[in-house]
Amino acid sequence: MLPTPLNKEEHASLRVTLPRNARYGATQQVAALQAVEFPEVAVTYPIIFVEGPRGLTPCALLGLEQGRNQYVTRDGDWRPHTYRPASVRAYPFFPVEEEDGEMTVYIDADYDGWSTVEGDRLFEDDGSLTPFLAERVEFLRQCAWEAQRTRNFTKELLRLDLLKQQTLTVTPAGGDTVQIGEYWAVDEERLKEIGTGDPLADLISLNLKGYLKLIHTHLISLQNLTGLYSELAND
């Protein structure tokens with residue numbers, strides 16, 4: 001990936017053909033998530049926390065092998081009826097929050113769908129956004145807003161010492177427990193300690209902010225590890 005800020009001078013004649021399938025994501029092992037996506041994501045993917053440029057970030061675990069997305073078929077398509085995270089749908093665009101709090105639209109200059117003759121135009125002749133790009137920018141703004149809310153959620157987990165680097169494991173039916181790898185996840189024992197504290201201010205705060213629901217959704221989603229492992233073992 002080659003992150004490049006989008007601007008109307010340098011990219012005045014740029015056009016794009018969006019991905020028609022997911023082949024570009026076939027080697028993507030994780031996808032960054034917004035907290036608002038947890039309920040839909042947890043149906044299919046394990047939700048883990050991964051170290052990134054801005055600290056720990058919740059992500060959908062797409063595969064158990066480095067460089068492989070198990071949710072992309074050999075034909076390059078996502079499995080039918082599989083939810084695609086917003087970070088995947090935004091590609092090859094993505095938002096970057098600058099130090100002043102403003103959002104800048106970046107593109108992956110390495111994406112092979114850029115052209116000056118084919119695809120959707122990004123800018124009009126007068127330099128204004130085309131309807132196509134305006135729609136994408138609005139989507140990215142929503143993503144940036146939700147990303148900030150997600151960071152607030154993660155900061156609260158860290159403040160309460162709820163996130164712990166641990167070894168995720170699966171136990172196939174009739175088989176021995178298998179270690180998957182080291183990832184960050186909510187420490188259930190620490191969560192129980194908060195639930196027995198006096199007063200219960202932290203637990204009440206988590207509930208009022210909607211964070212308690214997110215925590216339990218994350219923990220339930222880890223059950224999807226067994227399915228991923230079984231598919232990999234039978235591949």
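On a predicted model such as this, the values are computed, not experimentally measured, just so you know. Below, each value reflects all heavy atoms present in this structure, side chains not excepted, and no hydrogens, waters or symmetry copies. Heads up: numbering here begins at 1 and tracks the sequence.
- In the hydrophobic clustering of ILVMFWY residues, with side-chain heavy atoms under 4.5 Å counting as a link, Leu18 and Ile107 come out together.
- With 3.5 Å as the limit, one finds a donor-acceptor pair spanning the side chains of Glu182 and Thr167.
- Hydrophobic clustering, with ILVMFWY side chains joined whenever heavy atoms are under 4.5 angstrom apart, keeps Val30 apart from Val43.
- Formation of a donor-acceptor pair under 3.5 Å by the Ser230 side chain with backbone atoms of Thr226 is found in this model.
- Annotation: salt bridge (Lys or Arg N to Asp or Glu O under 4.0 Å) contacts of Asp125 (sequence neighbours excluded): Arg121.
- A donor-acceptor contact shorter than 3.5 Å is absent between the side chain of Arg68 and the backbone of Gln29.
- More than 12 non-hydrogen atoms from other residues, nucleotides or ligands lie less than 6.0 angstrom from CD of Gln165.
- Contact check on Glu124 versus Lys8 returns no salt bridge, with no Lys/Arg side-chain nitrogen under 4.0 Å from an Asp/Glu carboxylate oxygen.
- Ring to ring, Tyr71 and Tyr45 are close: their centroids are under 6.0 angstrom apart.
- Remark: Leu162 CG to Glu189 CD distance equals 12.0 Å, nearest 0.5 Å.
- Within a 6.0 Å sphere centred on CH2 of Trp114, other residues, nucleotides and ligands contribute more than 12 heavy atoms.
- Hydrophobic clustering (ILVMFWY, side-chain heavy atoms < 4.5 Å, transitive): Val186 and Val36 are in distinct clusters.
- Going from atom OG1 of Thr217 over to atom CD of Glu37 covers 13.0 Å, rounded to the nearest 0.5 Å.
- A distance-only check finds no donor-acceptor pair linking the side chain of Ser205 to the backbone of Asp202 [under 3.5 Å].
- Considering only residues two or more places apart in sequence or on other chains, Asn152 meets the side-chain hydrogen bond (donor to acceptor under 3.5 Å, both in side chains) condition with Gln148.
- Looking at heavy atoms from C-beta onward, Val137 lies in side-chain contact with Val105 at the 4.5 angstrom threshold.
- None of Phe49, Trp184, Tyr183 except one satisfies the ring pair (Phe, Tyr, Trp, His ring centres under 6.0 Å) rule with His218; the exception is Phe49.
- By the 4.5 Å heavy-atom criterion applied to side chains, Val41 and Ser221 are not counted as neighbours.
- Atom CG of residue Leu157 and atom CG of residue Leu191 lie 9.5 Å apart, to the nearest 0.5 angstrom.
- We find the CG-CZ distance between Leu122 and Phe93 to be 5.0 Å, quoted to the nearest 0.5 Å.
- Under the side-chain contact (heavy atoms from CB on, under 4.5 Å) criterion, Pro3 pairs with Met1, Phe94, Tyr106, sequence neighbours left out.
- Checked by atom type and distance alone, the side chain of Ser115 never pairs as donor or acceptor with a backbone atom of Gly113 at under 3.5 Å.
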Verdict with reasoning, Arg151 to Glu97, per salt bridge (charged side-chain N to carboxylate O under 4.0 Å, His left out) | CA-CA 12 Å; Arg151 285 194 291 273; Glu97 187 177 332; 2.6 Å; yes
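- Taken to the nearest 0.5 Å, the CG atom of Leu163 stands 11.5 Å off from the CZ atom of Arg190.
- With hydrogens and angles left out, the side-chain atoms of Arg84 and Tyr91 include no donor and acceptor closer than 3.5 Å.
- In this structure, the side chain of Gln34 does not engage the main chain of Ala86 through any donor-acceptor pair within 3.5 Å.
- The SG atom of Cys143 lies 9.0 Å from the CE atom of Met103; values are rounded to the nearest 0.5 Å.
- Side chain of Ser87 to main chain of Ala32: a donor-acceptor pair is present (N/O by atom type, distance under 3.5 Å, no hydrogens or angles).
- By the salt bridge (Lys or Arg N to Asp or Glu O under 4.0 Å) test, Glu40 pairs with no residue at all, sequence neighbours left out.
- Environment of CZ in Arg141: sparse, with no more than 12 heavy atoms of neighbouring residues, nucleotides or ligands closer than 6.0 Å.
- Following chains of ILVMFWY side-chain contacts shorter than 4.5 Å, one cannot reach Ile220 starting from Tyr229, and the two form parts of different hydrophobic clusters.
- Among all heavy-atom pairs drawn from Leu203 and Ile194, the shortest one is N-CG2, 3.9 Å.
- You'll find the side chain of Arg136 reaches within 4.5 Å of the side chain of Phe132, heavy atoms only.
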Scan the side chains in residues 207-214 for donor-acceptor partners under 3.5 Å anywhere in the protein, sequence neighbours excluded, and list what turns up.
none

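- Cluster annotation: Phe139 is not connected to Leu133 through the hydrophobic network of ILVMFWY side chains, with a link wherever side-chain heavy atoms come within less than 4.5 Å.
- By the side-chain hydrogen bond (donor to acceptor under 3.5 Å, both in side chains) test, Glu156 is found to be paired with Arg159, residues two or more places apart in sequence or in another chain being considered.
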